[in-house]
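Throughout, numbering of the chain's residues begins at 1 and tracks the sequence.
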Amino acid sequence: MISPVSRSKCFGGVQGVYSHESREAACVMRFGVFLPPQAQSRAVPVLYWLSGLTCTEENFIVKAGAQRVAAELGLAIVVPDTSPRGLKIPGEDETYDFGTGAGFYVDATQPPWSRGYRMYSYVTEELPRLVESEFPVDRRRVGILGHSMGGHGALTVALKNPGYFRSVSAFAPISSAMHSPWGEKALAGYLGPDRASWREYDAAALVEERGWRGPPLLVDQGSDDPFLESQLRPQLLQEACTRAGVALDLRLQQGYDHSYFFIATFIEEHLRFHARNLERAD
């Protein structure tokens, strides 16, 4: 059961925000859904966008400028929040890179975070079931993309669920969470000190261990991103793909930073990339 928060007509479609009681997150969660005009007459392909640190569902909806092209291409876009909200776990609001707004798309195993910080299962199981039951989307044609922490999430989710997510791309992803200060802090807190368990949420490690038989991975990275060398380290994903024989289109975009101005510049290319790939999905 979902409750509408807002609905606005947008490029002939509808941009909505909805809430629901989440079992995985143990709280009321919000998510956005853009339905293109084509959804009035048929089920449409659907993309899941995963946002980065500190974001809610609102950032992408307001700043990315994706709806115009999604309406043209007949793509639905689902935008979940980045963490549970209001669980009142001690320390969850102390820093921007752990706890609230920083779920990292993992299923926490360490208490107290294991109560609600289950964003991996939320994104791969609970939310898709809810979306498929409430909106006219084609479950055979599903893609995923994201930014920064959400780029890490998009890559790891797709690599672990290739039968469901048929196409994946990322903006400035944390390419190897095990080798990023952001990722190390989050994985240690949510999963504990055993680094072997962290590999399940590390894009570079998953590429080597599981491969990818779908369309090439598309990654855009700004050359002037202040987090490029310290946190994101796209060369680690590139090296892993080379070793695993996985096709990767890694594009270094000169002069761009980590902001939504970067995302807005290249979002159309990503949407068209997914539309082509999902059109061919069986």
Side-chain angles (χ1 to χ4, degrees), residues 2-11 13-20 22 24-25 27-36 39 44-71 73-85 100-105 119-137 139 141-158 164-165 167-173 259-260 262-264 266-268 270-271 273-275 278:
I2 64 172
S3 299
V5 175
S6 65
R7 286 169 52 90
S8 300
K9 189 169 183 178
C10 184
F11 292 103
V14 175
Q15 177 63 65
V17 176
Y18 307 88
S19 66
H20 73 111
S22 169
E24 298 290 356
C27 68
V28 174
M29 292 289 282
R30 286 164 57 126
F31 63 97
V33 178
F34 175 72
L35 288 178
V44 296
V46 57
L47 298 179
Y48 285 78
W49 169 270
L50 304 186
S51 295
L53 288 167
T54 75
C55 290
T56 69
E57 78 288 337
E58 184 178 22
N59 297 74
F60 180 83
I61 292 170
V62 173
K63 296 179 179 180
Q67 293 93 340
R68 176 184 61 82
V69 179
L73 297 173
L75 295 173
I77 305 178
V78 177
V79 187
D81 202 346
T82 53
S83 77
R85 303 275 168 176
T100 302
F104 266 82
Y105 306 101
M119 291 302 295
Y120 175 79
S121 288
Y122 180 74
V123 167
T124 61
E125 298 177 14
E126 185 175 15
L127 184 59
R129 284 199 299 266
L130 185 64
V131 168
E132 290 167 12
S133 69
E134 298 283 349
F135 301 97
V137 298
R139 70 179 314 275
R141 293 176 167 84
V142 184
I144 191 166
L145 68 168
H147 171 234
S148 195
M149 177 185 73
H152 139 83
L155 290 168
T156 56
V157 163
Y164 186 74
F165 296 98
S167 183
V168 58
S169 70
F171 292 83
S259 71
Y260 263 83
F262 163 56
I263 295 168
F266 298 102
I267 191 65
E268 178 171 348
H270 282 244
L271 296 182
F273 165 83
H274 285 282
L278 297 180

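Taking the six-membered ring where the residue is Trp, the centroids of His147 and Phe60 are separated by 6.0 Å or more. Taking the six-membered ring wherever Trp is involved, the centroid distance between the rings of Phe135 and Tyr18 falls below 6.0 Å.
Put simply, CD1 on Ile267 and CD1 on Ile77 are 6.5 Å apart, with the number rounded to the nearest 0.5 Å. The OG atom of Ser167 sits 8.5 Å away from the CG atom of Leu145 when rounded to the nearest 0.5 Å.
In plain terms, the two heavy atoms of Met29 and Ser22 that are nearest each other are CG-CB, 3.6 Å. Residue Val46 comes nearest to Leu278 through the heavy atom pair O-CD1, 4.2 Å, listed as atom of the first residue, atom of the second, then distance.
Relative ring orientation between His270 and Phe171 is described as parallel, the plane-to-plane angle staying below 30° on a 0-90° scale split at 30° and 60°.
The backbone N or O of Glu24 lies less than 3.5 Å from a partner atom in the side chain of Glu126, making a donor-acceptor pair. Judged purely by atom type and a 3.5 angstrom limit, Thr82 has no side-chain atom pairing as donor or acceptor with the backbone of Ser51.
Within the 4.5 Å cutoff, the side chain of Ile61 has heavy atoms near those of the Gln67 side chain.
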Self-check item: Derivation of the side chain to side chain contact (heavy atoms under 4.5 Å, CB included) call for Tyr48 and Val131
Solution: CA-CA 11 Å; Tyr48 285 78; Val131 168; 3.6 Å; yes

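Salt bridge Arg30/Glu58: absent, no basic N to carboxylate O contact under 4.0 Å.
Atom CZ of Arg139 is surrounded by 12 or fewer heavy atoms from other residues, nucleotides or ligands within 6.0 Å.
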